[in-house]
> 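Shown below is the structure under consideration.
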Amino acid sequence: MRTPCISKSLRIGRRSLASLPTQQRAYNAAVVGGGITGLTATWQLAQDPQCSRITLYEKSPRLGGWLDSETVPVEGGNVVFEYGPRTLRSALPGSLPLLYLVITTPMDPSSNPIDSLTDVGTKCANVGLFDELICTSRRSPAALNRFIYYPDRLVRLPMPDPSLPFLSNVQNFLQTLKEPLFDGFVPGVLLEHTKPARMPHQWQEDESVASFISRRFNSKIADNLVSAMMHGIYSGDIDKLSAQTILGPMRNLEDGGILYSALMKAFMRQRARIMDDYLAVDAISDSRQAFNFQGDILEVVKKSSTFTFKGGVQQLAQGIAAALTASGKVDVKTDSEIQSISKSRDSDVLTVQCPTSGSQAYDHVIATLPTPALTKLLGPTNLPNQSVPNRTLQKLQGHDYATTVMVVNLYYPDPKLLSIDGFGYLIPRSIPVDHNPEFGLGVIFASASSSGEAPRSPYATVTQDSVAGTKLTVMLGGHYWDGWQESDLPDHDSAVRMARTMLQRHLGITDTPTVARSRLQRNAIPQYTVGHLDRMYDLSKTVKADFNQRLVLAGNWYNGIGVGECVRQGILAATHGIRKRELQVYSPAMCPWKDFDHWDWDMRGGIATAPVRLVDV
Ligand SMILES: C=Cc1c2[nH]c(c1C)Cc1[nH]c(c(CCC(=O)O)c1C)Cc1[nH]c(c(C)c1CCC(=O)O)Cc1[nH]c(c(C)c1C=C)C2
């Protein structure tokens, strides 16, 4: 990775007339859903002086959605368990908005009086969430040692270990390639360029991840390696997941051979990037703090591959929520399940109906809910003179597929329970069900990512847990449980039993955990199936038309399931989604829209995303 160079090119510059908002009228807004996307969107709206009032509706008593951490007492102290995302990526440019959010969010705004949200950064710079970060160094075992279980053992994925001499790394690499896991890998990669590329008329057509990998490389690579990776991200089935959405940059290189084209690009110091990442960086860099904090942010990016928080990732949601309350501009309504979102026939105003707080009119609504829940809210209402968005409802109809994951967290007092150190391992679909009767997807060596370095010099070691021991997280189910009835899914006791049986078979662990907690995360991971991108563009267009660009959709059902991607969507929804901004070109490296007709881009309403998805930077 060309970190120093990229860092330089991504530096947030002070701009003169960059992407100016064109609408200067005061407005109010509602954000529906208090997960990370909804919190970010609210936070971004609160920074806009034109936004007079924001209401955040969340149906549950808790904010944060899938960011769900628990501090559990164990003998001698506490440990932190995660039930959703546990680490956040710090790769550029995608992580910049997220890190900016972290660095400008105070840990406890009440202890640090602030006049407005825009002051948060300057007044709380040294007591903010930033100081709660735990950074996983690029050289740590958690970053370097990733395993796949195949066929009956853990195989370390080849990654250069900087602590070993070059020749030892080469030897290890060649040795690993002899593993059955890598059967067909060398010919698959070396002969890829000889395979015919898609015909021009097929260029825009999507296909499954399995089809693309098998077509370009071979089915063993798909079944053994790629299926395992997709289990670790989507818990999904590679026969259903969309290659265009998930592997777009790689798929665009097949004309001329992927390996050759990738090498050429690397030589020319070019890489396919997501345009939206730059739009989000541009949107946040309106603020003075983005410029002030860039040194600290780039320090984290340079040093670490991922990061988390001392209190678990939920601390991010809590920090943002506290900042929202302190802003005095946001009305946070938890325990408030809304009944409908509708548009009046005679005006552009949207009405949000909530049984607990009544009906309220808004200039803009940002909906961050899962699409099945949103579909229910957009149906006919009992309010007079509201239009029914039939075309939007039709487009939303099929978009309801998500996988369910059983997350089992185990704590063992023995700190040396594992004979290997690393991130954990994934289980590919090539392990037949009779060898994987628990439908295991993978195991995370959770203690490894729970400790790391502080983000500032002298980079002290920091950890989430106050006692030694070993934490393991076992993930079961995913696409293997598609179509299962609720009564077929394991309860807590069965899940713990299944997790322990699996750990005994894979790792020889017979110890009894002193704490075992589980959570069945129902429909937690939306699946971007074949045709996803086209469907989303279509949905976005329809929502824009039905709601006259006043309803914005954002969140993990649309344009990226990772935390960083949800933050990006929250920022874009609350900026481009609600008003047309004129994009300026103030630095060629930071403004990849310069090569497109960006003056025509109107991202108000629908899914706020650039009309050009990928760009070579
Ligand atoms: C609750 C289970 C989840 C599984 N995948 C995700 C969650 C929340 C989402 C996810 N996981 C990863 C990514 C990509 C990187 C990113 O954008 O942050 C996403 C979107 C990668 C990943 N997978 C695992 C870990 C520890 C990570 C790093 C990021 C994170 O903390 O989520 C492990 C893992 N996740 C799942 C399984 C089955 C699994 C197995 C070991 C499902």
Side-chain angles (χ1 to χ4, degrees), residues 35-37 64-70 80-91 94-95 97-99 134 136 142-143 145-149 154 157 227-237 241 245-247 274 277 304-309 312-314 316 402-409 422-429 431 436 438-450 452 464 471-481 499 502-503 506-507 517-528 555-557 559-569:
I36 185 63
T37 314
W66 295 116
L67 306 194
D68 188 0
S69 323
E70 185 185 18
V80 173
F81 282 159
E82 296 285 5
Y83 297 98
R86 61 189 56 229
T87 52
L88 311 174
R89 265 184 302 164
S90 54
S95 68
L98 171 59
L99 280 164
I134 298 179
T136 303
N145 299 339
R146 290 164 182 262
F147 301 88
I148 290 182
Y149 182 83
L154 297 192
L157 292 178
S227 77
M229 288 169 199
M230 293 300 139
H231 283 168
I233 300 176
Y234 291 89
S235 301
D237 177 355
L241 291 169
T245 315
I246 297 168
L247 302 175
I274 295 180
D277 282 338
S304 51
S305 56
T306 58
F307 58 90
T308 183
F309 299 88
V313 287
Q314 191 178 299
L316 173 62
T403 48
T404 292
V405 180
M406 175 59 95
V407 182
V408 184
N409 278 309
F423 160 92
Y425 63 93
L426 293 160
I427 305 168
R429 73 172 186 178
I431 300 287
N436 186 16
E438 302 84 10
F439 300 103
L441 299 165
V443 174
I444 301 161
F445 302 162
S447 310
S449 55
S450 289
Q464 289 178 333
K471 288 190 299 186
L472 297 177
T473 305
V474 180
M475 304 273 197
L476 309 171
H479 68 97
Y480 293 120
W481 289 348
M502 206 175 99
L503 291 173
H506 292 171
L507 302 171
R517 300 275 169 101
S518 72
R519 203 157 291 170
L520 186 62
Q521 304 288 35
R522 289 182 184 78
N523 301 320
I525 310 189
Q527 300 295 293
Y528 295 172
N556 62 353
W557 281 78
N559 200 6
I561 65 162
V563 176
E565 288 152 324
C566 289
V567 165
R568 178 184 77 202
Q569 290 181 66

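As the structure lists them, so they are numbered: ligands from 1, and atoms in each ligand from 1.
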> Where is the nearest protein heavy atom to atom 28 (C) of ligand 1: which residue, which atom, and how far?
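The answer is T87 OG1, 3.3 Å.
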
> Contact between ligand 1 and V405 is defined here as a heavy atom of the residue under 4.0 Å from a ligand atom; is it met?
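Not so, V405 does not reach ligand 1.
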
> For Q521 and Y83, which I'm curious about, is there any donor-acceptor pair between the side chains at under 3.5 Å?
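There is no such pair between these side chains.
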
> Among all protein non-hydrogen atoms, which one is nearest to atom 38 (C) of ligand 1, and what is the separation to 0.1 Å?
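Heavy-atom neighbour on the protein nearest atom 38 (C) of ligand 1: H231 O, 3.3 Å.
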
> Students should be able to answer this: which protein heavy-atom is nearest to atom 26 (C) of ligand 1, and at what distance?
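Here the nearest protein heavy atom works out to F423 CE1, 3.4 Å.
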
> I'd like to check which ligand 1 atoms, numbered from 1 as shown, lie under 4.0 Å from a non-hydrogen atom of G562.
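Result: 17 (O), 20 (C).
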
> Of all the heavy-atom pairs spanning M229 and L426, show the shortest one and how long it is.
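Heavy atoms of M229 and L426 come nearest at CA-CD1, 4.2 Å.
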
> Below the 3.5 angstrom mark, is there an N/O of R89, backbone or side chain, next to an N/O of ligand 1?
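Yes - when backbone and side-chain N and O of R89 are compared with those of ligand 1, one distance drops under 3.5 Å.
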
> Is ligand 1 less than 4.0 angstrom away from at least one heavy atom of Y234?
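The answer is no, since Y234 has no heavy atom less than 4.0 Å from ligand 1.
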
> For the pair F445 and Y425, name the ring-plane relationship: parallel under 30°, tilted 30 to 60°, perpendicular over 60°.
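F445 vs Y425 ring planes: perpendicular.
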
> Give a yes or no on whether the backbone of Q314 and the side-chain of S69 come within a donor-acceptor separation of less than 3.5 Å.
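Yes; judged by distance alone, with no hydrogens or angles, the pair exists.
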
> State the atoms of ligand 1, each with its element, that fall below the 4.0 Å cut-off from a heavy-atom position in Y425.
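Matching atoms, with element in brackets: 41 (C).
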
> Hey, does the side chain of N409 reach the backbone of K471 with a donor-acceptor pair shorter than 3.5 angstrom?
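Checking the backbone N and O of K471 against the side chain of N409, no donor-acceptor pair under 3.5 Å is found.
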
> With heavy-atom distances below 4.0 Å as the criterion, list the atoms of ligand 1 near V443.
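Near V443, meaning under 4.0 Å from one of its heavy atoms, ligand 1 has 41 (C).
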
> Under 4.0 Å, counting heavy atoms only: does S235 come that close to any atom of ligand 1?
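Within the 4.0 Å threshold, so yes.
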
> So between E82, R86, M230, whose heavy atom ends up nearest atom 31 (O) of ligand 1?
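Going through E82, R86, M230 one by one, R86 has the nearest heavy atom to atom 31 (O) of ligand 1.
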
> So, T404 side chain and N523 main chain: donor-acceptor pair closer than 3.5 Å or not?
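Checked: pair present.
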
> Would you name the heavy atoms of D237 and Q527 that are closest together and state the gap between them?
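Closest approach of D237 to Q527, heavy atoms only: N-OE1, 4.2 Å.
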
> For R86, which residues count as a salt bridge (charged side-chain N to carboxylate O under 4.0 Å, His left out) partner, sequence neighbours excluded?
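Partners of R86 by the salt bridge (charged side-chain N to carboxylate O under 4.0 Å, His left out) criterion come out as none, since no residue qualifies.
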
> Can you tell me if S227 uses its side chain to pair, donor with acceptor, with the backbone of R429 under 3.5 Å?
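Checked: pair present.
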
> Looking at F81, does the NZ or CZ of R517 lie under 6.0 angstrom from its six-membered ring centre and within 45 degrees of the ring axis?
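No, R517 does not lie over the aromatic ring of F81.
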
> How close do I246 and Y234 get, heavy atom to heavy atom, and via which atoms?
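Heavy-atom minimum between the residues: CG1-OH, 3.6 Å.
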
> Take every heavy atom of Q521, measure it against each atom of ligand 1, and state whether any distance is under 4.0 Å.
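The answer is no: ligand 1 sits nowhere under 4.0 Å from a heavy atom of Q521.
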
> Just to check, does W66 reach to within less than 4.0 Å of ligand 1 when the distance is taken from its heavy atoms?
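Per 4.0 Å heavy-atom rule, W66 does not contact ligand 1.
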
> Once you restrict to heavy atoms under 4.0 Å, what part of L426 touches ligand 1? Side chain, backbone, both or neither.
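L426 to ligand 1: side-chain contact only, backbone stays beyond 4.0 Å.
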
> Return the residue, atom name and 0.1 Å-rounded distance of the protein heavy atom closest to atom 33 (C) of ligand 1.
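Scanning the protein heavy atoms, the shortest distance from atom 33 (C) of ligand 1 goes to I444 CD1, 3.5 Å.
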
> Heavy-atom contact check, 4.0 Å cutoff: does V563 meet ligand 1?
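For ligand 1, residue contact (heavy atoms, under 4.0 Å) with V563 is absent.
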
> Contact between ligand 1 and P85 is defined here as a heavy atom of the residue under 4.0 Å from a ligand atom; is it met?
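Checking ligand 1 against P85, which is what was asked, there is a heavy-atom contact under 4.0 Å.
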
> If you have a sec, work out which protein heavy atom is nearest atom 12 (C) of ligand 1 and how many Å separate them, to one decimal?
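Of the protein heavy atoms, G232 O, 3.6 Å lies nearest.
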
> What protein heavy atom is closest to atom 6 (C) of ligand 1, reported as residue, atom name and distance in Å?
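That would be I233 O, 3.4 Å.
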
> Starting from atom 7 (C) of ligand 1, which protein heavy atom do you reach first, and at what distance in Å?
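Going atom by atom, the protein heavy atom closest to atom 7 (C) of ligand 1 ends up being I525 CD1, 4.0 Å.
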
> Would you say Q569's side chain and G560's backbone share a donor-acceptor pair under 3.5 angstrom?
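Yes; judged by distance alone, with no hydrogens or angles, the pair exists.
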
> Taking only heavy atoms of L441, which atoms of ligand 1 are found under 4.0 Å from at least one of them?
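This gives 38 (C) as the contact atoms.
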
> Got a donor-acceptor contact below 3.5 angstrom from the S90 side chain to the S305 backbone?
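A pair under 3.5 Å: yes.
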
> Show which atoms of ligand 1 fall inside a sub-4.0 Å distance from at least one heavy-atom site of I561.
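Answer for ligand 1: 20 (C).
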
> Got the closest protein heavy atom to atom 1 (C) of ligand 1, with its distance?
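It is M475 CE, 3.9 Å.
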
> What closest approach, in Å, do P85 and V313 show between heavy atoms, and which atom pair accounts for it?
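The answer is O-CG2, 2.9 Å.
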
